[in-house]
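Convention: sequence-line order gives letters A, B, ...; per-chain numbering from 1. A quick note: this is a predicted structure, and the numbers were derived from the prediction, not measured.
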Number of protein chains: 2
Amino acid sequence: MHRKAPLKIIGSNAERTRLHNRKVVLGHLRSHGKLGRAELARLTGLSTQAMSNIIAELEGEALILAGERQTKGRGLPAVQYTLNPAGAVALGVEVRPNAILCALVNFLGDTLYTKRIHIKSSEPAVVLPAVKAACDEALSSIGKNAPPVLGAGIVMPGPFGRVGLTGAGKAELVGWDDKDPQALFEDVLQVPVRVENDATAAAIAEQTTGSATELQSFCFVYFGTGLGLGVISNGEILRGAFGNAGELGHVVVERGGRLCSCGNRGCLETYTSRMAASEFLQKRGKSAENQKDLSDLLAANDPDLEEWISEAADPLAQAIGTLENLFDPEAVILGGAMPPELLERLIEKLDLIDATVSVRADRTLPRVVRGASGWMTAALGAAALIIHDTYIPSISKVA
Amino acid sequence: MHRKAPLKIIGSNAERTRLHNRKVVLGHLRSHGKLGRAELARLTGLSTQAMSNIIAELEGEALILAGERQTKGRGLPAVQYTLNPAGAVALGVEVRPNAILCALVNFLGDTLYTKRIHIKSSEPAVVLPAVKAACDEALSSIGKNAPPVLGAGIVMPGPFGRVGLTGAGKAELVGWDDKDPQALFEDVLQVPVRVENDATAAAIAEQTTGSATELQSFCFVYFGTGLGLGVISNGEILRGAFGNAGELGHVVVERGGRLCSCGNRGCLETYTSRMAASEFLQKRGKSAENQKDLSDLLAANDPDLEEWISEAADPLAQAIGTLENLFDPEAVILGGAMPPELLERLIEKLDLIDATVSVRADRTLPRVVRGASGWMTAALGAAALIIHDTYIPSISKVA
DNA sequence: GATTTAATTCAATTAAGTTGAATATTCAAG
DNA sequence: CTTGAATATTCAACTTAATTGAATTAAATC
């Protein structure tokens, strides 16, 4: 287990400048859809000549496509450039104690392939070859002339290795304690690898292809085994000092409340999570082990499930108020491994606190919206992270 | 009132590259104290030649000073460079409904001058000339050959103009509703101006000259009129979508608890804040309107104050647990307009949640530490913000 | 049809980096 | 005490990727 490296602030040179500018251009193309060179030059504050060079380079690498000239009033109509969906792909993998979920997405973050593979053990010796095989299969699924692979995003139940032990006892994978997953996966897969937690990955997926494409600041509440939180603030991922930020499940919403597995009382997770729903329904003699069960119960208007929803909404509303006051997001998004209809019902039932910094006269979005959900969310998010990295420079933003 | 501008992601060029690299160099000099050219080149990933050029430029502007050559084993001993304390100054101003606090700091963030000025009204027509006069006096206090003024940081009770109305009813200044304070102050003072909230400014002061000089991620709990929060995460200031992040005072710690002025129940501010202490003591027939009163009561071992501290510690401990789980900071710092001894007592009384992500085997710092406090904290922090901006590039960090 | 406007390219220039060789100063080994 | 290795720094030449200003093309307006 190694301590997190202190972040190093490095200088820039011509090469890094170009890399930065490429990302800036790709980012603008992503958010605007299509743009001409001159307009890109204006947006980025670069000269048209510089833009021409960058565009030529990106087009040469097939990351962007030249479209029709588009007439907009006087003057030579601008050639419209768009991202090339087939310009590159990214892998996403979620490693769980008993399964590996593998996804492949295109340069826009759209899903090309998904697969679930059962594993007998979560030890590195088992996981690494299985992930390698799954990724190879994913890549071969798109045929011979495959575009470049930008990298692989890996989601693992943290906290592990790099980030050290923590108190909020989580389901850790066995055999990874003293390992550096990033290095191991990079070694096996031979592409750049990023390891993130599920909630953050899901948040990035939401921003890449979901309901947050227009947002720069939002909180993504992720229903997984527990309850996670991915925070994007002004376009930046919030990780915290040790990569463990966003432990929403163990935020206390009721002093002296229900006993949680972490040893505390009143954790949000004990009220509002898949686990909490399962336990509640089990006491009523109903089984709801997976999303399908919950979906079915909801479709059948099961009164016990309805009761749980009502009961779960209050603590969640309180927690959302806390998120609003602390992070001042444009919206709070609920998603993850929960049936979408259930999330909708939960949102309907929310009685939000009516005086937080998010209660604004100029709101356009609802304070809480439903995001992407389903079992693949995290794996797709992991892949989206890689796409995200090629769009987002870690640089110069100006208000 | 204007809506917050969407953040613009801009390209880079040679000029911006140099600006970035200068900041990188200054930042390293700040955190290391003194360094030679070659070592700076290694730290920044730049060539020694480039470093020589940058150093020459900075030395020419008297922002850094060449020291003795320092022998460290074999080879030519490196000339050690340090920041020049007298290389530049920055102004800091806190505007309150009835007073203006003005501060001047040197290039290291050390205090050179402070002054409090009473004002009759908080309208722009009164405040702007008063601030101008105060700043002029501050600058003339350091004599004729004054070093360049990097800018002025302004702290005002938000949320105002730029960030729009919010629900958590705060003490707003009258007459500023539809104004752009940054532009107004820049116009009057003729130096670059930054407007921030008190808690963020105080957090930056803590990082510049206080107990967080080594920290990249921390939460600063600011005792002002209410209770604010400044968050620095991996060196970046967390502002939120509308600049209102960190509204800690209105985080609910007790469902259905005490009625707060914001209309909700159970806000942290109603338990743990200067106002809460005043009210508590008033009920016991004691007056504690300012820091001095509290200080005196504490010195006299006043049993009522002790009782309040015990009562206030629990909600605070819970909130700190929430901060730890959400932000994963290296430490939580308590400071602001509270007597330091009282903060110490409060910290002693804290019964922290024993399972958050901050409970780590490899901790070196306590989870909660006391930070800078006193009436000038925010104004000094405002000035520190300006210094901070000249050290911290908004760019390329590498883990 | 002539003129204006806007996008784009061409050619020259410039800023700020990199690279490799030369020089200075110190430590360590013979 | 001399010599060689290590380290810091500078000098000079080169490279990258930007900028600037003039030229070219195509559409809109007069």
DNA chain D: 5'-most and 3'-most nucleotides touching chain A, 4.0 angstrom heavy-atom criterion = D/dT16 to D/dT29
request  = Just call it for B/Ala50: base, sugar-phosphate, or nothing, with non-hydrogen atoms closer than 4.0 Å on any strand.
outcome  = base
ask   = Can you check the A/Asn53 CG to C/dA11 P distance for me, whole Å?
value = 13 Å
Partner residues of A/Arg74 under the side chain to side chain contact (heavy atoms under 4.5 Å, CB included) criterion, sequence neighbours left out = none
key: Residues forming a side chain to side chain donor-acceptor pair (under 3.5 Å) with A/Asp389, sequence neighbours excluded   = A/Arg194
Ring pair (Phe, Tyr, Trp, His ring centres under 6.0 Å) against A/Phe107, all qualifying residues, sequence neighbours excluded = A/Tyr391
ask   = Can you list, by residue number, the residues of residues 41-48 of chain A that have a non-hydrogen atom closer than 4.0 angstrom to DNA chain C?
value = A/Arg42, A/Thr48
ask   = For DNA chain C, what residues of residues 61-76 of chain A have any heavy atom nearer than 4.0 Å?
value = A/Arg69, A/Arg74, A/Gly75, A/Leu76
ask   = Just by distance, do the side chain of B/Thr17 and the backbone of B/Asn13 share a donor-acceptor pair under 3.5 Å?
value = yes
task = Indicate yes or no: at least one non-hydrogen side-chain atom of B/Thr44 is less than 4.5 angstrom from one of A/Ile10.
result = no
request  = Starting at atom CZ of B/Arg16, determine the distance to atom C1' of C/dT14, rounded to an integer number of angstrom.
outcome  = 16 Å
request  = Looking at every strand, decide which applies to A/Asn21 at a 4.0 Å heavy-atom threshold: base, sugar-phosphate, or nothing.
outcome  = sugar-phosphate
Partners passing salt bridge (charged side-chain N to carboxylate O under 4.0 Å, His left out) against A/Glu39 (at least two apart in sequence or in another chain) = A/Lys72
query = A/Arg30: what forms a side chain to side chain donor-acceptor pair (under 3.5 Å) with it, not counting sequence neighbours?
reply = none
request  = Mind calculating the distance between CD1 (B/Ile54) and C1' (C/dA15) to the nearest angstrom?
outcome  = 12 Å
task = For B/Leu184, check side chain to side chain contact (heavy atoms under 4.5 Å, CB included) against everything at least two apart and list the hits.
result = B/Leu128, B/Trp176, B/Lys179
query = Just checking A/Ala78: base, sugar-phosphate only, or nothing, at a heavy-atom cut-off of under 4.0 Å?
reply = sugar-phosphate
query = Got a sec, which pairs hit side chain to side chain donor-acceptor pair (under 3.5 Å) with one end in residues 79-92 of chain B, sequence neighbours left out?
reply = B/Arg37-B/Tyr81
task = Give the rounded distance in Å between these two atoms: CD of B/Glu57 and C1' of C/dG17.
result = 13 Å
key: For B/Ala203, side chain to side chain contact (heavy atoms under 4.5 Å, CB included) partners two or more places apart   = B/Phe218, B/Phe220, B/Ile232
task = Grab the CG-P distance between A/Leu19 and C/dG17 for me, whole Å please.
result = 17 Å
query = Counting any heavy atom closer than 4.0 Å, what does A/Gln49 reach on the DNA or RNA strands: base, sugar-phosphate only, or nothing?
reply = base
key: Set of salt bridge (charged side-chain N to carboxylate O under 4.0 Å, His left out) partners for A/Glu15, sequence neighbours left out   = none
